[in-house]
Amino acid sequence: MLKTINKKNIEINDSKSLSKFKHLPKSEKVYIHSQNNKSIKVGMRKISLEDNDIKSLIVYDTSGPYSEKNYVHDYEKGLFKVRKKWIDKRNGISRNNKMKLKYLDHSKCKVKAFPSIPTKIFKKKGKQDLTQLYFARNGLITEEMEYCAIRENEGREKLVGKFIKEKDLITPEFVRKEIAEGRAIIPSNVNHLELEPMIIGQNFLVKINANIGNSAVISSVYDEVEKLLWSVRWGSDTIMDLSTGDNIHYIREWIIRNSPVPVGTVPIYQALEKVEGIAEDLTWDVFKETLIEQAEQGVDYFTIHAGVRLPFIPTTVDRLTGIVSRGGSIIAKWCLAHHKENFLYTNFEEICEIMRDYDVSFSLGDGLRPGSIHDANDESQFLELKTLGELTKVAWKKNVQVMIEGPGHVPMQKIKENMDLQKKYCFEAPFYTLGPLTTDIAPGYDHITSAIGAAMIGWYGTSMLCYVTPKEHLGLPDKEDVKIGVITYKIAAHAADLARGNRGAYYRDYLLSKARFEFRWRDQFNLSLDPETAEDYHDQTLPSEGAKLAHFCSMCGPKFCSMKISQEIKEKSSAGKKEMSRKFKELGAELYISSKQMP
């Protein structure tokens, strides 16, 4: 379990303190193998059912090998390197020594260093690029692309017929085409060999991200690794390490080596730590080193606040809540202190070249996002959005994958405009949004205020949703907050998938509703996003095993259960139809009979 904040216990010194990975009930890890490449096997979760007709359901799974039966993990060695064989044989990649870090002070480290740090790193070699965008544009389907196609289908190939049509299936060629046209990305740094590839794009399942990371107050390696495991157990598709403080570099190594999902960061946070937290002292050299340092570790996507331009800053003065993005406010302060254009903007082409060398994807940051309903959809926000579109074209010319970050606090009637303008200005690059929060009046419940907006903007076309926890605006989330945030956003993402016509999403709803109507309580629990909570709530009033066979719950009781009554109506209707059929045959099976024959 996570440790309580305690100055005497800043670090946990033994990975045995991590909670054992707990499997979800009636679920098992299964693998679907590629028919084209024996090195590709994609992990899924198989839920066993008590349905007389449908015995199981296969669903998307983000938990990596942690959920395998009898799996024993060594956190000090990290995960199995899924992609190593793929990268080893790929052209245009060389193995290099790591760059010597001039600005990282190792003497400040107060946590245990990861014991199995890779001694060599992968990097672009020669003129040929190594990014997924480069390969897609050149008609090549990589192992990562095929992996994502299999993963998106969730085993639905066997369901083609009643619920699924052939056209509903994702092919590797479709994945390649979407990436080539910039509508999707596979965040997959060549140095994150432990990664199980996933795809982010408007024509795929809506994904979610969980933010983890230590603060200057709490700085424990194992707390952050446990948050990672907790996030992927409940279904987070990516995680962002937003750590601050002296131990960022070391905690990030632990996270990446133990992460089966893409890891994103905001490099300006670590660059700021290197200059003692003084924004005015930031330099391009410090930031550049930080980019390379994190790329060599294996970070899959960077939030880069290159759209916060000097001429835009005065437009934020009359806002109610100013600049609420940490990265945006840091850059704004630097720009005003030096009265110079944002160095991320002026050095953007070189940033692209660094990211291209490792296939790090851009998450172009919304540093001027609105932090209140009052400021939604204002001039500042859309000036930055237009700039992000211009920068997208620059990145694409360098074969670097791009997604765009979005707001923020936006009332419901203004959400669609955000999606429409993002598609227009940013050429349909994937949109990655925080919420948006649809009201400002619910501190402690902002996971709900934001999930409302997240479901809506997901329906309109957003590709990935950044979760919000109950601690938003109030404090650093703990393990339970992470779970609540992930589950809440899985609901929003699934609702968006349904609205966008995803047949796999529909099928899971169909099976759960069928289980509910047939009073298969265990199946109803196990098909849900959080089986443990569903069963716990049921058992708070009807805890006995017999109650899980009952045709009622404690809400209505045995006399007033609408579904039980509906079942009785169905049974009587069926019996009535059989009786009328019998009489029809007794009367000679004629369409018309005389009045004398009428009973």
Side-chain angles (χ1 to χ4, degrees), residues 34-42 81-96 121-153 170-204 207 237-238 261-264 295-296 298-302 349 351-364 392-403 427-430 463-464:
S34 164
Q35 295 180 351
N36 306 313
N37 187 330
K38 66 180 181 181
S39 72
I40 299 174
K41 63 173 190 175
V42 183
K81 294 175 173 56
V82 175
R83 300 170 65 216
K84 188 175 187 304
K85 288 183 180 179
W86 309 344
I87 301 299
D88 278 340
K89 71 175 186 178
R90 200 164 285 171
N91 294 328
I93 299 179
S94 64
R95 298 194 71 167
N96 298 273
I121 55 96
F122 290 106
K123 187 179 179 182
K124 175 180 179 290
K125 177 177 71 174
K127 294 182 179 180
Q128 180 178 318
D129 287 341
L130 50 70
T131 69
Q132 297 294 319
L133 180 55
Y134 169 80
F135 291 126
R137 284 174 163 176
N138 284 275
L140 299 173
I141 295 173
T142 63
E143 289 90 345
E144 289 86 352
M145 294 176 200
E146 184 170 356
Y147 192 105
C148 291
I150 295 170
R151 198 170 197 184
E152 288 288 312
N153 286 326
I170 301 295
T171 65
E173 171 56 24
F174 181 75
V175 171
R176 184 205 65 78
K177 186 171 181 291
E178 289 294 292
I179 293 170
E181 295 181 3
R183 285 192 297 271
I185 67 169
I186 299 177
S188 50
N189 186 324
V190 291
N191 292 302
H192 191 180
L193 301 176
E194 303 85 354
L195 174 71
E196 297 183 352
M198 53 80 73
I199 192 164
I200 301 168
Q202 61 181 288
N203 292 316
F204 301 96
K207 306 303 190 301
D237 297 286
T238 80
V261 302
V263 176
E296 289 184 346
V299 175
D300 299 291
Y301 63 95
F302 290 152
E349 288 206 24
I351 293 173
C352 291
E353 290 162 4
I354 292 168
M355 294 173 69
R356 179 184 62 191
D357 286 351
Y358 307 90
D359 197 8
V360 180
S361 300
F362 272 111
S363 182
L364 289 176
T392 296
K393 290 196 289 187
V394 175
W396 281 348
K397 285 180 181 177
K398 302 281 188 181
N399 285 324
V400 182
Q401 301 184 92
V402 180
M403 62 181 169
F427 316 104
E428 295 192 289
S463 302
M464 186 160 77

Student: If you apply the rule side chain to side chain contact (heavy atoms under 4.5 Å, CB included), what do you find for Phe302 with Ile351, and how did you get there?
Tutor: CA-CA 10 Å; Phe302 290 152; Ile351 293 173; over 6 Å; no
Student: Mind checking what makes side chain to side chain donor-acceptor pair (under 3.5 Å) contact with Thr131, not counting sequence neighbours?
Tutor: none
Student: Which atom pair, heavy atoms only, marks the closest approach of Ala395 to Val402?
Tutor: CB-CG2, 3.5 Å
Student: State whether the side chain of Asp300 and the backbone N or O of Val263 hold a donor-acceptor pair below 3.5 Å, judged by distance alone.
Tutor: yes
Student: Compare every heavy atom of Glu146 with every heavy atom of Asn36, then report the nearest pair and how far apart it is.
Tutor: ND2-OE2, 3.1 Å
Student: Could you tell me which residues satisfy side-chain contact (heavy atoms from CB on, under 4.5 Å) with Ser463, sequence neighbours excluded, listed by chain and number?
Tutor: Ile200, Gln202, Pro430
Student: Show me the donor-acceptor pairs, under 3.5 Å and distance only, between side chains in residues 171-178 and residues at least two apart or in other chains.
Tutor:
| from | atom 1 | to | atom 2 | distance (Å) |
| --- | --- | --- | --- | --- |
| Thr171 | OG1 | Phe174 | N | 3.0 |
| Glu173 | OE1 | Arg176 | NE | 3.0 |
| Glu173 | OE2 | Arg176 | NE | 3.3 |
| Glu173 | OE2 | Arg176 | NH2 | 2.8 |
| Arg176 | NH1 | Ala136 | O | 2.6 |
| Lys177 | NZ | Glu181 | OE2 | 3.1 |
| Glu178 | OE1 | Arg183 | NE | 3.1 |
| Glu178 | OE1 | Asn203 | ND2 | 2.8 |
| Glu178 | OE2 | Arg183 | NE | 3.3 |
| Glu178 | OE2 | Arg183 | NH2 | 2.8 |

Student: Side-chain donor-acceptor pair under 3.5 Å between Thr142 and Trp86, yes or no?
Tutor: no
Student: Would you say Asn399's side chain and Leu133's backbone share a donor-acceptor pair under 3.5 angstrom?
Tutor: no
Student: Who passes salt bridge (Lys or Arg N to Asp or Glu O under 4.0 Å) against Arg90, sequence neighbours left out?
Tutor: Glu143, Glu144
Student: Of all heavy-atom pairs between Ser34 and Asn37, which one has the smallest distance, and what is that distance?
Tutor: OG-N, 3.0 Å
Student: Nearest 0.5 Å please: distance from the NZ atom of Lys41 over to the CD1 atom of Ile150.
Tutor: 12.5 Å
Student: If the condition is side-chain contact (heavy atoms from CB on, under 4.5 Å), which residues does Asn91 pass it with, not counting sequence neighbours?
Tutor: Gln128
Student: Would you please test Gln132 and Ile185 for side chain to side chain contact (heavy atoms under 4.5 Å, CB included) and show each step?
Tutor: CA-CA 8 Å; Gln132 297 294 319; Ile185 67 169; over 6 Å; no
Student: Any side-chain to backbone donor/acceptor pair from Lys398 onto Glu349? Under 3.5 Å, distance only.
Tutor: no
Student: How many angstroms lie between CD1 in Ile93 and CG in Leu130, if you round to the nearest 0.5 Å?
Tutor: 5.0 Å
Student: Does any N or O in the side chain of Arg151 come within less than 3.5 Å of the main-chain N or O of Pro197, such that one atom is a donor and the other an acceptor?
Tutor: yes
Student: Can a donor-acceptor pair be found, under 3.5 Å and without considering hydrogens, that links the side chain of Lys85 to the backbone of Ile87?
Tutor: no
Student: Please report the C-alpha distance between Ile199 and Ile179 in whole Å, then the side-chain angles of each, then the deciding distance to 0.1 Å, and finally whether the side chain to side chain contact (heavy atoms under 4.5 Å, CB included) criterion is met.
Tutor: CA-CA 9 Å; Ile199 192 164; Ile179 293 170; 4.3 Å; yes
Student: When rounded to the nearest 0.5 angstrom, what distance separates CG in Asp357 from CG in Asp129?
Tutor: 8.5 Å
Student: Examine distances only and state if a side-chain atom of Gln401 and a backbone atom of Ile186 form a donor-acceptor pair shorter than 3.5 Å.
Tutor: yes
Student: Measuring only between side-chain heavy atoms, which start at C-beta, is Tyr358 closer than 4.5 Å to Val299?
Tutor: no
Student: Which distance, rounded to the nearest 0.5 Å, do you find between the CZ of Arg83 and the NE2 of His192?
Tutor: 8.0 Å
Student: Rounded to the nearest 0.5 Å, how far apart are OG of Ser361 and CG of Leu364?
Tutor: 10.5 Å
Student: Find the distance between CG (Leu140) and CE (Met145) and round it off to the nearest 0.5 Å.
Tutor: 7.5 Å
Student: Apply the test side chain to side chain contact (heavy atoms under 4.5 Å, CB included) to residues Phe362 and Cys352: give CA-CA distance (whole Å), side-chain angles for both, the deciding distance (0.1 Å), then the verdict.
Tutor: CA-CA 9 Å; Phe362 272 111; Cys352 291; 3.6 Å; yes
Student: Test your reading of the model: is there a side-chain donor-acceptor pair from Asn189 to the backbone of Ala295, 3.5 Å cut-off?
Tutor: yes
Student: Tell me, please, which residues at least two apart from Lys127 pass side-chain contact (heavy atoms from CB on, under 4.5 Å).
Tutor: none
Student: In the structure I gave you, are the side-chain heavy atoms of Thr238 and Tyr301 within less than 4.5 Å of one another anywhere?
Tutor: yes
